[in-house]
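Report on the structure given below.
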Amino acid sequence: GNTADAVKEEVAKSLAANETHYPPNNGTVELRRAISAHMEKRNLTYGEDEIIVTCGATEALFAVLSSILDPGDEVIVPTPAFGLYESIIAVNRATFVPVDTRPTKFQLTLEQLQAVVTDCTKAIVLTSPNNPTGCVLNPRSLDAVAKFAKTHDIFVICDDVYTSLVYEGVHLGFASCYGELHDRIIVCDSFSKPYAMTGWRLGWVAADAPISAQIAKMHQYMVS
């Protein structure tokens, strides 16, 4: 579908008001406050200073992975998965570690994760609902990831771009359910899918303050 008229009308007003100059590099305070309030509705508490506005979820993921990865690190990715993850991980000279979820009907088990963890494991990427399978991770899968992340002290990167596109029951993603892991959860989200704004290239990262401060350093050299 096309972007809603109400959005286009507001942008037209901004153009007429000459709001076309450099914003603060992490995004305007008004937008970051609005994103913070939006996330609060999903039981996610992030202050405006913990949010970075990005050029879509693509740049959000690139900024995150570039910030946390050192050469030789490993990132676990449940597959099938969006192909971008493997490419970004490779660009950062880290190792993509797939976990084939087809035998478990696209869900995750602690045994699957334990089978691939090493001393080099730095993070796991979760996409639920998933692209390309459409699978929504169930509470058992999410709990397995939470236990795994606690045990091995790794980051959980939540690619939440499809979170709004669940039409049965109440859906809360990983970040909403495991507040005790706030210091190691990083959320990437986007306006593209829920608001039909794919071409606008507008997304964001939300993370605990010490982490978002480091991501902001990388982001400032990607986009100005």
Practice task
List, by chain and then residue number, the residues other than L165 in its hydrophobic cluster (Ile/Leu/Val/Met/Phe/Trp/Tyr, side-chain heavy atoms under 4.5 Å); write none if there are no others.
Solution key: V161, Y162, Y167

Handout entry: Interatomic spacing from CG in D119 to CG in D73 - rounded to 0.5 Å
Key = 11.5 Å

Completion exercise
With sequence neighbours left out, the residues meeting side-chain contact (heavy atoms from CB on, under 4.5 Å) with S141 are Q107, L108, L137, N138

Exercise for the section: Identify whether V7 and I35 are in the same connected component of the hydrophobic contact network (ILVMFWY, side-chain heavy atoms under 4.5 Å). Expected result: yes

Fill in the blank from the handout: Here the pair of heavy atoms bringing H182 nearest to T45 is CE1-O, 3.3 Å

Practice task
Group every Ile, Leu, Val, Met, Phe, Trp and Tyr by side-chain heavy-atom contacts under 4.5 Å, then state whether F191 and V187 land in the same group.
Solution key: yes

Problem - Nearest heavy-atom neighbours spanning A209 and E50 - result: N-OE2, 2.9 Å

Problem - Atom pair CG (D189) and CZ (R42), whose distance is rounded to the nearest 0.5 Å - result: 5.0 Å

Handout entry: salt bridge (charged side-chain N to carboxylate O under 4.0 Å, His left out) partners for E10, two or more places apart
Key = K13

Problem - Listed partners of F96 passing ring-ring contact (aromatic ring centres under 6.0 Å, His included), at least two apart - result: none

Practice task
Please list, chain by chain and in numerical order, all residues satisfying salt bridge (charged side-chain N to carboxylate O under 4.0 Å, His left out) with K147, sequence neighbours excluded.
Solution key: D143

Fill in the blank from the handout: Between the CD1 atom in I215 and the SG atom in C188, the distance rounded to the nearest 0.5 Å is 7.5 Å

Problem - Non-hydrogen side-chain atoms of V77 and P98 separated by less than 4.5 Å - result: no

Exercise for the section: Flag yes if Y221 and V53 sit in one hydrophobic cluster, no otherwise; membership is Ile, Leu, Val, Met, Phe, Trp, Tyr, and two members link when side-chain heavy atoms are under 4.5 Å apart. Expected result: no

Completion exercise
Heavy-atom closest pair (K122 atom, I68 atom, distance to 0.1 Å) is NZ-O, 2.7 Å

Fill in the blank from the handout: Sequence neighbours excluded, the answer for side-chain contact (heavy atoms from CB on, under 4.5 Å) partners of T54 is I52, E59, A60, V205, H219

Fill in the blank from the handout: When every non-hydrogen atom of G72 is compared with those of C120, the smallest separation belongs to O-CB, 3.6 Å

Problem - Minimal non-hydrogen separation, S190 against A57, with atom names - result: CB-CB, 3.9 Å

Problem - ILVMFWY network linking V29 to W204, side-chain heavy atoms under 4.5 angstrom - result: no

Practice task
For D153, enumerate each residue passing the salt bridge (charged side-chain N to carboxylate O under 4.0 Å, His left out) test, keeping only those at least two apart in sequence or located in another chain.
Solution key: R184

Completion exercise
Residues passing the side-chain contact (heavy atoms from CB on, under 4.5 Å) test with F148, sequence neighbours excluded, are I76, L110, L113, Q114, V117, H152, I154

Exercise for the section: Output yes when a side-chain donor or acceptor of N130 lies under 3.5 Å from a complementary backbone atom of T133, and no otherwise. Expected result: yes

Exercise for the section: Tell me, please, which residues at least two apart from F174 pass ring-ring contact (aromatic ring centres under 6.0 Å, His included). Expected result: Y178

Exercise for the section: Sort and list the pairs that fulfil side-chain hydrogen bond (donor to acceptor under 3.5 Å, both in side chains) and have at least one residue in residues 82-97, not counting sequence neighbours. Expected result: S66-N92, Y85-T127, Y85-D159

Exercise for the section: Answer yes if L126 and V116 sit in the same cluster of Ile, Leu, Val, Met, Phe, Trp and Tyr residues linked by side chain heavy atoms under 4.5 Å apart, and no otherwise. Expected result: yes

Exercise for the section: Could you list the residues that satisfy salt bridge (charged side-chain N to carboxylate O under 4.0 Å, His left out) with R32, not counting sequence neighbours? Expected result: D49

Practice task
Go through the structure and list residues passing side-chain contact (heavy atoms from CB on, under 4.5 Å) with D5, not counting sequence neighbours.
Solution key: K8, E9

